[in-house]
Amino acid sequence: MSETQKYDHQSIEKKWQEQWEKQKLYATKDDSSKKKFYCLIEFPYPSADGLHVGHPRSYTALDIVARKKRMEGNNVLFPMGFDAFGLPAENYAIKVKKNPADITKKNVERFRLQLKSLGLSFDWSREVVTTDPEYYKWTQWIFLQLYKAGLLYQKEMPINWCPSCKIGLANEEVVAGKCERCGTETGKKNLKQWIFKITQYAQRLIDDLDTVDYLKKIKTQQINWIGKSDGAKVQFRLKDLKYRINVFTTRPDTLFGATYMVLSPEHELVEKLLSEIGNSKEVEKYVKASQNKSDLERTDLAKKKTGVELKGIKAINPASGKEMPVWVADYVLISYGTGAIMAVPAHDERDYEFAKKFNLPIQEVISGGDIKKEFYTGEGKIINSGQFDGLNSKEGIKRITTWIEKEGYGKAEVNYKLRDWIFSRQHYWGEPIPLIHCENCKEREKKTVLIIHGTGNYGRNLWYGWLADELEKLGHEVVAPDMPDPMEPNLDTWLSFLEQYKDKLNENSVIIGHSLGGVAAMQFISKLKKKIGKLILVAPTCRDIDWKAYAKKHPNDPTEYQHKFNQPDIPYDQIHNNTEKIVYFHSDNDHYIPESVPKHYKKVLKADFRMLKGRSHFTILNGGAFTFPEIFEEIVEGSQMPVGIVPVPEKDLPVELPKVKNYEPTDTGESPLAGIKDWVNVKCPKCKGDAKRETDTMPNWAGSSWYFMRYCDPHNAKEFASKKALKYWMPVDLYNGGMEHTTLHLLYSRFWYKALYDLKMVPQPEPYQKRISHGMVLAEDGKKMSKSLGNVVNPDDVIKEYGADTMRMYEMFMGPFAEAIPWDTKGILGVRRFLDKANLLFEKVKKSAEFDRNLVHKTIKKVTEDINEFHFNTAVSALMIMINEMNNQKEVGQEAFEKFLLLLSPFAPHLAEELWKKLGHKESIHLSPWPHFDSNLAKDEEIEFVIQINGKLKDKSMMPTDVTEEDVLQYIERNEKIKKLISDKQVINKIFVPGKLLNIVVK
RNA sequence: GGGCGAGUGGCGGAAUUGGUAUACGCGAUGGACUUAAAAUCCAUUGGUGUUUAUCCACCUUGUGGGUUCGAGUCCCACCUCGCCUACCA
């Protein structure tokens, strides 16, 4: 064959691409009587390097699916866009001193051209670019809806900080202590951050996976990332101290085996206890040292455990009653559970190692191992655990948890690894967060909340701590002091202690008094010379309680002082004068406070009484809970939004990025936007006073968390997408992307979609019906393609030399779609030869020529089914077999050839269209119906029937597919070879598999 | 350490519910065409042995066992590699 026998891919491909575009062949119409099919592929980040050969692999695969679905009569949505915000463009902009917007625009144009040269059937009229203000207007709008729904808060916190990129990183972006992007070791920096309450959705993000069709490993990854564990929260008393240590454990069955406790270095108690311990200097030194350790050091030195004992501090094991030493050690992480553990060295690897190193007692409580030699984490019989001895450990978990709850030491609890999503970025190239900080509004709305705790407790313990955190998330000022001598309180001491907070209080303030603190609160308010907003009493005590009787009933509780507590008459009139409103919470099962108490207060207090069910005395004791949303609600009065932070009004969206001279992030951690005075200074939309814009921008994840919704209605100027369009197109029927996005992008976008579903803005709770993943394309050496290794293959070169059709087919043929496959430039030749053969075969086509119907229908069946299952490589090989068979004939029937072209058209759309038109068709092949197969015709009439002896192949012969056992046995009678082989042996059995084989079992 | 997945020719890889292992392609070798090369076409191509006629026998899907008439496929143990994850209490 000469050069002229190779088809001219350049002119053919250019011609059809132009014609298709002119005819708008792939434009999708919304209102259609046809069944919809939404086929989605992750949109690319338009890097300066251009398209990678990995991109076309998944694009072609989904293009094939989309084209086939279209030919099968579906209304297909197959869109494409660009995810263009983010660090690479910004870093490049800084390097070449240009505007990232200009750079991005250029990159997008290049990408679009490259994608178009592949002949993909995207509906380009629906393209979205996340950096386009018309697009990010709606990203900001959605952000505001979620903000108004109370899903965001701001908190000063140590964030992961990359000293090289000068950017805060989400936990998820730090891989093994290193910056995901640049590989530099990360440190910590304290910054105020906007944070999404994704943890609120943790359970639903797990549960709803049951309703969707994702690859198993993708579901597993999602579940693992959320990391749910069932266990119990248990409270440990400290000997002679008011403080308590809360721990989370998944092994309550080992409670009796806890021999020491460990606090993480960041735990608040470490600082509080410093004055009580003998070796405070040593402890301080240790805490400081571990703060300076990077996450990498703390995790990498996995096996070398360090720690310091808090000398003089003893915790009490509520189960065994034994005293236990308390340590601080950085193998306990502040970010998981409560930041403290009960250590059970006999049945936990880490605790065992620690106990061995520091010579701490090891107490076996589950039999089955040999704890002298090794820890034992398996199941077994419970021993050394009093009343629980003899139980199976699995049963023990349930029984001991129930006992803990009954005795008031804790409660069953679920814990998640997933942490809230840090959303702020201190960078230029991202969507501005559309919020305005207004000091006037803040002063007006901010509440000062004074929490006065009860006996034997401290300021931020239990629900006080939870409530304080929640209020601070909204920007309120919380004063939750540790009251003096809480074990033996004295009213006068308490009142004089509270004096210091007097000046902070005003008509907007709230005072919460719990238990004994309730009495203190009333006394304190009655002496104020001003009015406060609200008094919230939570199960307050009262001198009416018979403390002597109580002490008899509860001999272990240190309540001696209670009846000594000085309670002069409370001047109720004065309290009413000094408060706007009083709310009184009590519980129907408070065994601490008799019913006579609320009865008494009902008589004397003009309060709003609220009865809550089963909250005991509002503490962990006796099964109480840690969170009391009712009390929280009473303070914020329905406002879920942080105070003094005003959403930009919808009519002012988008908040566009201003042009700046300098894109570099600052060393202070502020975004470069902070330096642009004209932009930062605005009037508050609420009070019209002077205010400032938020200068943080959104992370790269924002735009990609909802782009699939915008595709449904991309030009809508009034809504992010119309209800009608969303209802028709959503959910996505097929979503494909890389494994690298199966945790974060999927989790974040599912979270946004669920939140919008709760706001009734989208039609269902899950965005993606089916999710599959593609494998990576590796370099010829089997390594990842990278510039530094110099092994990158440029798709433009391949397309220029061999054509887009060849490129597409080769990417499909190279191996299983889901697996990583190395690129092989020589392998492309085989596919190109196949297409040349197809082109040449056209000369042999005769309208009237006979053809092999079985071959045609077999191939239709194979290709159809393979595409359905994403087995593109074997579909290509079926087409190759068909072409080879047809090539062996002198003439080719036109009908057979047409069917071949139809099957070829999703893979090689240009050549298929060229030959289709050359056959005389007026309409595009891509608008033609997908061929059907006849199952009977797809079956072979004759097969190679196999004769085995003891399962080993001895003979084969062509026979009809439906050959009977008798016929085969007769055949054997006539077969000298088989007869000879079995002549001297005893035939025990004959197994006949219809249409396949006969196995003769001999001895 | 945990989770998921994979080990099949010289290479990429095929193989329905257990039923002819190595489809399809690359590469290689030989031949045709050519002054020659490229391209193309034809033939051969898992291994070993015997025989030189290419008929035959045996072996072969990481290793070792097991279940079965029959195992690449199912079960058990082990080895190797890849990906994700990691002091998650």
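In what follows, chains are A, B, ... by sequence order, proteins preceding strands, each numbered from 1.
- For the salt bridge (Lys or Arg N to Asp or Glu O under 4.0 Å) test, no residue two or more places apart in sequence or in another chain qualifies with D8(A).
- Helical stems involving RNA chain B, defined as 3 or more consecutive Watson-Crick or G-U pairs under 3.5 Å, span B:1-7 with B:79-85, B:10-12 with B:24-26, B:27-32 with B:40-45, B:46-49 with B:56-59, B:62-66 with B:74-78.
- The interatomic distance linking Y352(A) (OH) with G1(B) (P) rounds to 18 Å, in whole Å.
- Taking atom CG of L953(A) as the reference point, atom P of U60(B) lies 15 Å away to the nearest angstrom.
- Residues E811(A) and T60(A) bring no donor and acceptor atom of their side chains to less than 3.5 Å of each other.
- Between C24(B) and A14(B), the two C1' atoms lie 7 Å apart (nearest whole Å).
- Each of V993(A) and M342(A) was matched to the nucleotide of RNA chain B holding its nearest heavy atom; the match closer to the 5' end belongs to V993(A).
- Judged as a salt bridge (Lys or Arg N to Asp or Glu O under 4.0 Å), and not counting sequence neighbours, the contacts of K862(A) are D866(A).
- Applying the salt bridge (Lys or Arg N to Asp or Glu O under 4.0 Å) test to K373(A) and every residue at least two apart in sequence or in another chain returns D370(A).
- OP1 or OP2 of C26(B) lies within a sub-4.0 Å distance of a side-chain N or O belonging to R833(A).
- In this structure, the nucleotide among C87(B), C84(B), C59(B) sitting nearest to the side chain of L333(A) is C87(B).
- E801(A) pairs by the side-chain contact (heavy atoms from CB on, under 4.5 Å) definition with nothing, not counting sequence neighbours.
- Rounding to whole angstrom units, OH of residue Y802(A) and C1' of C26(B) are separated by 12 Å.
- Only the P atoms considered, G70(B) is 14 Å distant from C59(B), to the nearest whole Å.
- F236(A) places its CZ atom 12 Å from the C1' atom of A89(B), with the value rounded to the nearest Å.
- One can place CZ of F375(A) at 11 Å from P of G1(B), the figure rounded to the nearest angstrom.
- Taking atom P in both G72(B) and G62(B), one finds a spacing of 10 Å when rounded to whole Å.
- Residues that satisfy the side-chain contact (heavy atoms from CB on, under 4.5 Å) test with Y214(A), not counting sequence neighbours, are L209(A), V212(A), I218(A), K219(A), L746(A), R750(A), E766(A), Y768(A), R771(A).
- Here, U68(B) and C75(B) have their P atoms 16 Å apart, quoted to the whole Å.
- Using a cutoff of 4.0 Å between basic side-chain nitrogens and carboxylate oxygens, D824(A) and K826(A) are not scored as salt-bridged.
- Not one side-chain nitrogen or oxygen of K954(A) sits closer than 4.0 Å to the OP1 or OP2 atom of A57(B).
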Worksheet entry | Protein-to-nucleotide contact annotation, 5' to 3' order, nucleotides 2-16 of chain B [B base; S sugar-phosphate only; - none; under 4.0 Å, heavy atom] | -SSS------BSS--
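- For T250(A), the side-chain atoms get nearest to A89(B) when compared with the rest of G27(B), A89(B), C24(B).
- Within 4.0 Å of N884(A), counting heavy atoms only, lie sugar-phosphate atoms of the nucleic acid but no base atom.
- For R832(A) and Y7(A), the positive end sits near the middle of the six-membered ring, less than 6.0 Å away and at most 45° from its axis.
- Across C88(B), C24(B), C87(B), the shortest atom-to-atom separation from the side chain of I881(A) is found for C24(B).
- The CG atom of N884(A) sits 4.0 Å away from atom NZ of K837(A), with the distance rounded to the nearest 0.5 Å.
- Taking atom CZ of residue F354(A) and atom P of nucleotide A89(B), one finds them 18 Å apart after rounding to whole Å.
- If you check every strand for non-hydrogen atoms under 4.0 Å, T742(A) touches nothing.
- In this structure, of G27(B), A89(B), C41(B), it is A89(B) that holds the atom nearest to the side chain of R350(A).
- With both ends at atom P, the span from A28(B) to C11(B) equals 15 Å, rounded to whole Å.
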Using a cutoff of under 3.5 Å, can you pull out all pairs of nitrogen or oxygen atoms linking the protein to nucleotides 68-72 of chain B, with atom names and distances?
residue	atom	partner	partner atom	Å
C69(B)	O2'	N999(A)	ND2	3.4
C69(B)	O2	N999(A)	ND2	2.5

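- The side-chain contact (heavy atoms from CB on, under 4.5 Å) search around P361(A) returns T259(A), not counting sequence neighbours.
- Nearest-nucleotide mapping onto RNA chain B: of G337(A) and I828(A), the residue sitting toward the 5' end is I828(A).
- One P atom belongs to U54(B), the other to U45(B), and the distance between them is 15 Å to the nearest Å.
- For the salt bridge (Lys or Arg N to Asp or Glu O under 4.0 Å) test, no residue two or more places apart in sequence or in another chain qualifies with D230(A).
- Here the separation of G27(B) from C83(B), taken at their P atoms, is 29 Å to the nearest Å.
- With its glycosidic angle more than 90° from 0, G13(B) adopts the anti conformation.
- On the C1' atoms, G46(B) is 16 Å away from U29(B), given to the nearest whole Å.
- With sequence neighbours excluded, the residues forming a ring-ring contact (aromatic ring centres under 6.0 Å, His included) with Y810(A) are W823(A), listed by chain and number.
- Contacts of K826(A) with the nucleic acid, taken as non-hydrogen atoms under 4.0 Å apart, involve only primed sugar atoms and P, OP1 or OP2.
- Taking atom CD1 of residue I883(A) and atom P of nucleotide G25(B), one finds them 11 Å apart after rounding to whole Å.
- For the pair R251(A) CZ and C88(B) P, the computed distance is 14 Å after rounding to whole Å.
- Scored by the ring-ring contact (aromatic ring centres under 6.0 Å, His included) test, F358(A) finds W327(A), F354(A) as partners (sequence neighbours excluded).
- Put simply, CD on Q948(A) and NZ on K990(A) are 14.5 Å apart, with the number rounded to the nearest 0.5 Å.
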